[in-house]
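We count ligands from 1, going down the list as the structure has it; atoms in each ligand are counted the same way.
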Amino acid sequence: MSDQATRILVIHGPNLNLLGRREPEIYGHQTLANIDSMLEAAAKELGVVIDTFQSNHEGELIDRIQQAMAGESGEADGVVINPGGFTHTSVALRDALAGVSLPVVEVHLSNVFAREAFRKESYVSPIALGVISGLGARGYRFALEALAEHLSS
Ligand code: DQA
């Protein structure tokens with residue numbers, strides 16, 4: 001193993017920029033900025049480096065994922081992603097995640113299995129190391145911990 005710190009890319013998909021204001025009874029009161037700073041603090045404790053990215057655009061999410069590939073400018077060792085609504089629709093996003101061959105942990109703030117039927121299907125879950133759904137913002141922290149541990153083992 002190299003002595004370079006483990007790098008984890010944290011990706012937030014569409015509409016997650018509205019957290020705190022968007023359906024707070026479902027997604028909670030924390031803003032995305034709160035979540036990202038909580039993750040920065042958790043990353044420090046875990047001794048990993050994170051880069052956070054949010055976009056409402058499928059192509060931008062795919063571009064950022066491709067940059068995480070070994071040898072690219074935004075290279076990472078693993079990905080934590082809340083794909084938002086693209087979870088249930090995007091073959092292209094799944095292909096990008098599979099294509100970069102990095103371990104992926106999928107996160108959802110809400111319990112997608114307790115909601116509408118269309119949310120029960122995820123294009124990402126079959127290629128993910130694991131999925132955390134329904135634990136609110138804490139779910140991102142658990143995902144980061146699990147991925148950091150996975151990458152160090
Ligand atoms: C979500 C669940 C998705 O079904 C939804 O489209 C989102 C957020 C969540 O975090 O619970 O945008 O990924």
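Scanning the protein for heavy atoms near atom 11 (O) of ligand 1, the closest one is Ser110 OG, 2.6 Å. Among all non-hydrogen protein atoms, the one lying nearest atom 9 (C) of ligand 1 is Leu109 N, 3.4 Å. With respect to atom 5 (C) of ligand 1, the closest heavy atom belonging to the protein is Arg119 NH1, 3.3 Å.
In terms of polar-atom proximity, Gly85 is counted as a contact of ligand 1, with an N or O under 3.5 Å from an N or O of the ligand. Residue contacts with ligand 1: Thr87 is placed with no nitrogen or oxygen under 3.5 Å of a nitrogen or oxygen of the ligand (distance criterion only).
Under the 4.5 Å side-chain criterion, counting only non-hydrogen atoms from C-beta, Glu145 is in contact with Leu46. Contact of the Leu93 side chain with the Ile65 side chain is registered, since non-hydrogen atoms from C-beta on lie closer than 4.5 Å. At least one side-chain heavy atom of Pro103 sits less than 4.5 Å from a side-chain heavy atom of Leu151. In this structure the side chain of Pro83 reaches within 4.5 angstrom of the side chain of His108, judged on heavy atoms.
The 12-atom threshold is exceeded at NZ of Lys120, counting heavy atoms of other residues, nucleotides or ligands nearer than 6.0 Å.
Side-chain N/O atoms of Arg64 and Ser55 include no donor and acceptor closer than 3.5 Å.
In His108, the parts holding a heavy atom less than 4.0 Å from any atom of ligand 1 are both the side chain and the backbone. When heavy-atom distances to ligand 1 are checked against a 4.0 Å cut-off, Asn82 comes that close only through its side chain, counted from C-beta outward.
Distances from ligand 1 to the non-hydrogen atoms of Asn15 include no value under 4.0 Å. For the ligand labelled ligand 1, residue Arg22 lies inside the 4.0 Å heavy-atom shell. Under a 4.0 Å heavy-atom criterion, Tyr27 is in contact with ligand 1.
Partner His12 forms a ring-ring contact (aromatic ring centres under 6.0 Å, His included) with one of Tyr27, Tyr140, Phe53 and no other, that one being Tyr140.
In summary, the atoms of ligand 1 found under 4.0 Å from a heavy atom of His88, numbered by their order in the structure, are 3 (C), 4 (O).
When the ring pair (Phe, Tyr, Trp, His ring centres under 6.0 Å) test is applied to Phe86, no partner is found at least two apart in sequence or on another chain.
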